[in-house]
Protein chains: 2
Amino acid sequence: MADTTKEKIIDLADHLIRTKGFNAFSYADISAPLAIKNAAVHYHFPTKGDLGISVIERELKNLALHIRKWEKMPEDQQLKKLIDIFQQRSKLGTICLVGSLTPDYDTLPAPMQAKVQEMCTGILQWMTQCLEKGRAQQRLHFEGEAYDRALMVLSNLLSSLLFSRVLGGSTFQRMSKQLAKDLI
Amino acid sequence: MADTTKEKIIDLADHLIRTKGFNAFSYADISAPLAIKNAAVHYHFPTKGDLGISVIERELKNLALHIRKWEKMPEDQQLKKLIDIFQQRSKLGTICLVGSLTPDYDTLPAPMQAKVQEMCTGILQWMTQCLEKGRAQQRLHFEGEAYDRALMVLSNLLSSLLFSRVLGGSTFQRMSKQLAKDLI
DNA sequence: AAATATACTGACTAATTAGTAAGTAAGCAA
DNA sequence: TTGCTTACTTACTAATTAGTCAGTATATTT
């Protein structure tokens, strides 16, 4: 996994954001498990917002890496790959960054708000393209603008993780299957 | 509005949960605007969890009141009424309790987790019935189990509020119109 | 060998947090 | 009028919060 302290901090912060939310974890929640002092966390990330931004940026890079890996696959398969990633999250009981950070949006420091915005528009941009191309090749079927459909799909993926934690594991399966049925 | 202090506290807590989230507001955020001491808030609601539960219970009662009011309307109209409520929220820039509290689920005190669960299952139960009856009368059209569709609809309503705060006001219109188109 | 940068620790701080306990003023009931 | 309840205030506490700053050991560079 992560070998440097900095990467370990990002790893832990990522997990805490996905389980407890940005406002419910503290520097102590990070320093204690890593057996370092809270000042060491501040050394790498002066403010909590800086840490949050790094978590988002890493997620964005990872996502970009996946997307590049899927480039040559047909669009319906690319979408299924994305659903697979969410299924893994569902098994771990962790939610996605969009689902965790957008509810807290008003409380986030301004630079982090900008990053959250960037994350949302970035994911939606990719998904819009994916849906558009998939429809052109008749591998995906839906009505309306591709961007509007992208909003609905991201909505369903995000909520499937929220709901499955509250209502139980089968909820993810129900929603992801319905989502696939509706589009393919 | 609210005339008793207790009702004013619930009102404010409701607003704070919808804007900042349950973990990002404090007793001071409630006592200061009401010009009372924080101990007065503890008098009415011994713990923060008690306050959270009261906020959910009031929402559940309000929702039940609305639903009873819509009883004689055709199901597609009932659904539109619900969308109207979300549109008002969107204008105010506030999110719904499901969208605010499910991301924080793991951090909530156990009795409040139970209430959040109750709220989710309650809303889904009503929506499942509404969709089922609407389909039987051919006023609503969709494939798959009504419960699965209810999950998707709640997902889209909840996310439309999250997204519209981050991406701008037109996002709600896009999503709610697409939602209506897909079902009617 | 000397200077500099990296990655921390130790020891703080000022503010905020949820929550408590004792007291009090006003209204109502017996 | 005495006692009880309601709705608070005053005055706390112990814990936690993000963040700071001066120091230090270890590499790395010059």
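In the text below, chain A, chain B and the rest are named by the order of the sequence lines, each starting its count at 1.
- The residue among Asn38(B) and Ala35(B) whose nearest nucleotide of DNA chain D lies closer to the 5′ end is Ala35(B).
- At whole-Å resolution of the value, CG in Asp29(A) and C1' in dA18(D) are 13 Å apart.
- Across all strands shown, Lys37(A) has heavy atoms under 4.0 Å from sugar-phosphate atoms exclusively, and none from any base.
- Distance Ile36(B) CD1 to dT10(D) C1': 15 Å, rounded to the nearest Å.
- Running 5' to 3' along DNA chain C, contacts with non-hydrogen atoms of chain A at under 4.0 Å begin and end at dT6(C) to dG10(C).
- Side chains of Gln88(A) and Asp84(A): no donor on one and acceptor on the other come within 3.5 Å.
- Following rounding to the nearest Å, Tyr43(A) (OH) and dA22(D) (P) show an atom-to-atom distance of 17 Å.
- Rounded to a whole Å, the NE2 atom of His44(A) is 17 Å from the P atom of dA18(D).
- Leu34(B) places its CG atom 10 Å from the P atom of dT9(D), with the value rounded to the nearest Å.
- Using a 4.0 Å heavy-atom cutoff across all strands shown, Tyr27(A) reaches sugar-phosphate atoms only and no base atom.
- An end-to-end axis angle of 0° holds for the helix from dA1(C)-dT30(D) to dA30(C)-dT1(D), taken from five base pairs per end and rounded to 10°.
- Between His42(B) and Tyr27(B), the two ring planes are parallel [angle under 30°; tilted spans 30° to 60°].
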